[in-house]
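For this chain, numbers begin at 1 and follow the sequence in order.
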Amino acid sequence: MATPLSDTPLSPLKTIAVVGLGTMGTGLTEVLAKAGREVIGIDISEAQAATSLAALQNATARAVERGRMTDQERTDVLARVRTCTDLAAAADADLVIEVAPESYEVKHQIFRALDAVVRPETILATGTNALSVTRLAADSARPERVLGLHFFNPAPAMKLVEVVSSVLTAPAAVAAVTDLAIELGKEPVPVGDRPGFVADGLLFGYLNQAAAMYEARYASREDIDAAMRLGCGLPMGPLALLDLIGIDTARTVLEAMYAESRDRLHAPAPILKQLSEAGLTGRKSGRGFYTYEAPGSAAVVADSLTPADAGSGIPGREVRSVGVAGSGTMASGIAEVFAKAGYDVVLAARSEEKAQAAKARIGTSLSRSVDKGRMTAEAAAQTLDRITAAGSYDAFADVDLAVEAVAEDLEVKRQLFAALDKVCKPGAVLATTTSSLPVVACARATSRPQDVIGMHFFNPAPAMKLVEVVRTVLTADDVHATVREVCVKVKKHPVDCGDRAGFIVNALLFPYLNNAIKMVQEHYASLDDIDAAMKLGGGYPMGPFELLDVVGLDVSLAIEKVLHREFRDPGLAPAPLLEHLVAAGCLGRKTGRGFREYARR
């Protein structure tokens, strides 16, 4: 009788079988062979096995050309790999990693066949990102040796590996594959068994919402993708990423997530089903949300949905001078942006003292730019000279564009717009920088709602390239054209969206942050593991909890409440943990404590 795995010291994982030689299997083979492992690549298709081996030969040849590997090292790597079409070849493996298609039936067949082939102590790992590891393990002859080992694509480049335990998994098996991941130069994150695990569990909900946003014709595919790249620093926009992942794959993952959570945010957007069933699965088919040069190509080509470069053709109004209302960081940043672009700027606040302090802040910012060699001292002085500080909004009498950046409070903004209505000349464009409040409510506080528009800059305004241009049902076409022209002149990227809560960025970002909080609240994963997973697996510049503490938990909660109130989706209800932290005064970095503690300055 075999000794139970939990009581047996594991042999080093020297020989590893990879079952399924598609893109992921081929990448895993390369990673393992480079790390000195003997690799048995198995695929039912001889042609696919040959294609995989050819890809490995090409990848290692490129590595030699780039000086990352010697000819002898390449020879050694290739010698450690053999491919075949029979699962019996896995008999001598210490670890088998299955990366076959996301189908219970397919994976069950593989695991049942492996039970009859491998040694009792051999670890069986599934690379699934959507299916239940527990369900796969339960049907195995030795469920204690089955676990999940979720690598990310492309495997040679991506550092994250999610190590997935079921309630049946032996700790020794987890320890063995965790050690292996570290030896491969990866960063293992331990997670429990639920669809999507950490990274995909957060990522696919966000991707699904982006698809639904596009399907509702709220914004163009180009503007949705640009907004998330420029507003959040992501390497790819969500629709381009869906095309890369495969729309059919995304739909499968979301179906599995929804089956467990019953959260409407995980119910696949109908467009994902429509595209999948039409065979428009993304890059691999040559067409998905975008059209590509050829199947498998990354090169996007113009199609019937590609926006014309010429714009609307409607001329905008002339803008020579700009008024900026407010004295905070956003107001001073926006004033700096306009002054750098050559506009005369009036920076007005509720008092002369506040306005002068805001102008001084701009002077400090410009001095830093000079110190870093980004501008000359003369250019900085000229920029500052274009800004006039004023203690009253009466100074906006002659401006062509007035931009408010005061407190995110609807009544405060409405009072300000009523004042601007009286002060600003006829034909002046009035813009609000609100990130979550209805622009039309500001417009209705004036006698000229057709002149009011949203112009949502991102903080810090001098550095962030994105501006969400939010037109209401009352906004005049030439006002919209004016703001887009001005954005280009100040070197910002405008994206168009309608007047609804969160616009593009916050409507997609904050549900993702809220879901991350729920993971911690449910004790599914730690703050550090979730942050690491999203940075390493999703390419995010900051993990969700790092970002929440920077934004401010009170600000985040306010935006979550606005989204929940507008869309009335139970899945958007703020996580109780967030509400508790805010109630306790733990607001993030600004108070020294949020999800983490910070040194007091």
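With contacts defined as side-chain heavy-atom distances shorter than 4.5 Å, the pair Asp477/Arg471 qualifies. Residues Leu234 and Pro541 form a side-chain contact, since some pair of their non-hydrogen atoms from C-beta on lies under 4.5 Å apart. Between Ile530 and Tyr524, the closest side-chain pair of non-hydrogen atoms is not below 4.5 Å. You'll find the side chain of Val486 reaches within 4.5 Å of the side chain of Met455, heavy atoms only. Side-chain contact check for Ser220 versus Asp496: every heavy-atom pair is 4.5 Å or farther apart. Contact check for Tyr512 versus Leu203: no side-chain heavy atoms found under the 4.5 Å cut-off. Contact of the Asn514 side chain with the Leu572 side chain is not registered, since no non-hydrogen atoms from C-beta on lie closer than 4.5 Å. Contact check for Lys518 versus Asn515: side-chain heavy atoms found under the 4.5 Å cut-off.
Between Glu485 and Lys489, none of the side-chain N atoms (NZ, or NE/NH1/NH2) sits under 4.0 Å from a carboxylate O, so this pair counts as no salt bridge. Ion pair Arg221/Asp303 flagged as a salt bridge, since at least one NZ, NE, NH1 or NH2 atom sits closer than 4.0 Å to an Asp/Glu carboxylate oxygen. For Arg500 and Glu566, the salt-bridge test fails: no basic side-chain N is under 4.0 Å from an acidic carboxylate O. A salt bridge between Lys273 and Glu255 is absent, with no side-chain N of the basic residue lying under 4.0 Å from a carboxylate O of the acidic one.
Taking CE from Met228 and CG from Leu466, the interatomic distance works out to 9.5 Å, rounded to the nearest 0.5 Å. In this structure, CZ on Arg262 lies 13.5 Å from CZ on Arg264, to the nearest 0.5 angstrom. To the nearest 0.5 Å, atoms CG (Leu437) and CG (Asp499) are separated by 10.0 Å. Interatomic distance, Ser436 OG to Leu563 CG, rounded to the nearest 0.5 Å: 8.0 Å. Rounding to the nearest 0.5 angstrom, the gap separating the CG atom in Leu275 from the CG atom in Leu242 is 9.5 Å. The OH atom of Tyr214 sits 8.0 Å away from atom CD1 of Ile224, with the distance rounded to the nearest 0.5 Å.
Between the Glu98 side chain and the Lys107 main chain, no donor and acceptor come within less than 3.5 Å of each other. A donor-acceptor distance shorter than 3.5 angstrom exists from the side chain of Thr433 to the backbone of Glu404, with no hydrogens or angles considered. Between the side chain of Tyr292 and the backbone N or O of Gly282 there is no donor-acceptor pair closer than 3.5 Å. Glu162 places a side-chain N or O within 3.5 Å of a backbone atom of Val198 that can act as its donor or acceptor partner. Lys492 places no side-chain N or O within 3.5 Å of a backbone atom of Phe457 that could act as its donor or acceptor partner. Looking only at distances, a side-chain donor or acceptor of Asp243 sits under 3.5 Å from a matching main-chain atom of Tyr290. Although no hydrogens or angles enter the test, the distance criterion places no donor-acceptor pair under 3.5 Å between the side chain of Glu222 and the main chain of Thr306.
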TODO: Mind running side chain to side chain contact (heavy atoms under 4.5 Å, CB included) on Thr482 and Leu401 for me, showing each step along the way?
DONE: CA-CA 9 Å; Thr482 300; Leu401 167 64; over 6 Å; no

Task: Derivation of the side chain to side chain contact (heavy atoms under 4.5 Å, CB included) call for Phe289 and Ile271 - done: CA-CA 10 Å; Phe289 285 99; Ile271 194 171; 4.0 Å; yes

TODO: Before giving the answer on side chain to side chain contact (heavy atoms under 4.5 Å, CB included), spell out for Met330 and Ile334 the whole-Å C-alpha distance, their side-chain angles and the decisive distance to 0.1 Å.
DONE: CA-CA 6 Å; Met330 181 60 85; Ile334 292 170; 3.8 Å; yes

Task: Step-by-step side chain to side chain contact (heavy atoms under 4.5 Å, CB included) determination, Tyr540 to Leu202 - done: CA-CA 12 Å; Tyr540 283 67; Leu202 294 176; over 6 Å; no

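Every residue meeting the salt bridge (charged side-chain N to carboxylate O under 4.0 Å, His left out) condition with Arg317, not counting sequence neighbours, appears here in chain and number order: Asp451, Asp478. Partners of Tyr206 by ring pair (Phe, Tyr, Trp, His ring centres under 6.0 Å), not counting sequence neighbours: none found. Phe595 is linked by a ring pair (Phe, Tyr, Trp, His ring centres under 6.0 Å) to Phe545, counting only residues two or more places apart in sequence or in another chain. Under the salt bridge (charged side-chain N to carboxylate O under 4.0 Å, His left out) criterion, Arg74 pairs with no residue, sequence neighbours left out. Not a single salt bridge (charged side-chain N to carboxylate O under 4.0 Å, His left out) links Arg283 to another residue, sequence neighbours left out. Considering only residues two or more places apart in sequence or on other chains, Asn208 meets the side-chain hydrogen bond (donor to acceptor under 3.5 Å, both in side chains) condition with none of them. By the ring pair (Phe, Tyr, Trp, His ring centres under 6.0 Å) test, Phe204 is found to be paired with no residue, residues two or more places apart in sequence or in another chain being considered. Shown here are the ring pair (Phe, Tyr, Trp, His ring centres under 6.0 Å) partners of Phe197, two or more places apart in sequence or in another chain: His150. For Tyr258, the side-chain hydrogen bond (donor to acceptor under 3.5 Å, both in side chains) test picks out no residue, with sequence neighbours left out. Residues passing the salt bridge (charged side-chain N to carboxylate O under 4.0 Å, His left out) test with Glu522 are Arg194, sequence neighbours excluded.
Heavy-atom minimum distance, Ser285 versus Pro295: O-CG, 3.8 Å. Scanning all heavy atoms of the two residues, the minimum distance from Gly498 to Phe503 falls at O-CD2, 3.8 Å. Residues Arg229 and Gly237 come closest through the heavy atom pair CG-N, 3.5 Å.
Side-chain polar atoms of Thr472 and Thr475 form a donor-acceptor pair below 3.5 angstrom. If you check the side chains of Ser132 and Asp193, you find a donor sitting under 3.5 Å from an acceptor. With hydrogens and angles left out, the side-chain atoms of Thr60 and Arg68 include no donor and acceptor closer than 3.5 Å.
Heavy-atom neighbours of Leu280 CG from other residues, nucleotides or ligands within 6.0 Å: above the threshold of 12. In this structure, Arg287 places its CZ atom where only 12 or fewer heavy-atom neighbours from other residues, nucleotides or ligands lie under 6.0 Å away. Within 6.0 Å of atom CD in Glu293, 12 or fewer heavy atoms from other residues, nucleotides or ligands are found, so the atom counts as exposed in its surroundings.
Considering Pro570, Pro574, Pro511 as possible partners of His564, the one that fulfils the side chain to side chain contact (heavy atoms under 4.5 Å, CB included) test is Pro574.
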Counting only pairs under 3.5 Å, give me each side-chain donor-acceptor contact of residues 16-32, with atom names and distances, residues two or more places apart or in other chains.
residue	atom	partner	partner atom	Å
Thr26	OG1	Leu21	O	3.3
Thr26	OG1	Gly22	O	2.8
Thr26	OG1	Ser52	OG	2.8
Thr29	OG1	Gly25	O	2.8
Glu30	OE2	Lys34	NZ	2.7

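Sorted by first then second residue, the side chain to side chain donor-acceptor pair (under 3.5 Å) pairs that include residues 453-467, not counting sequence neighbours, are His456-Glu468.
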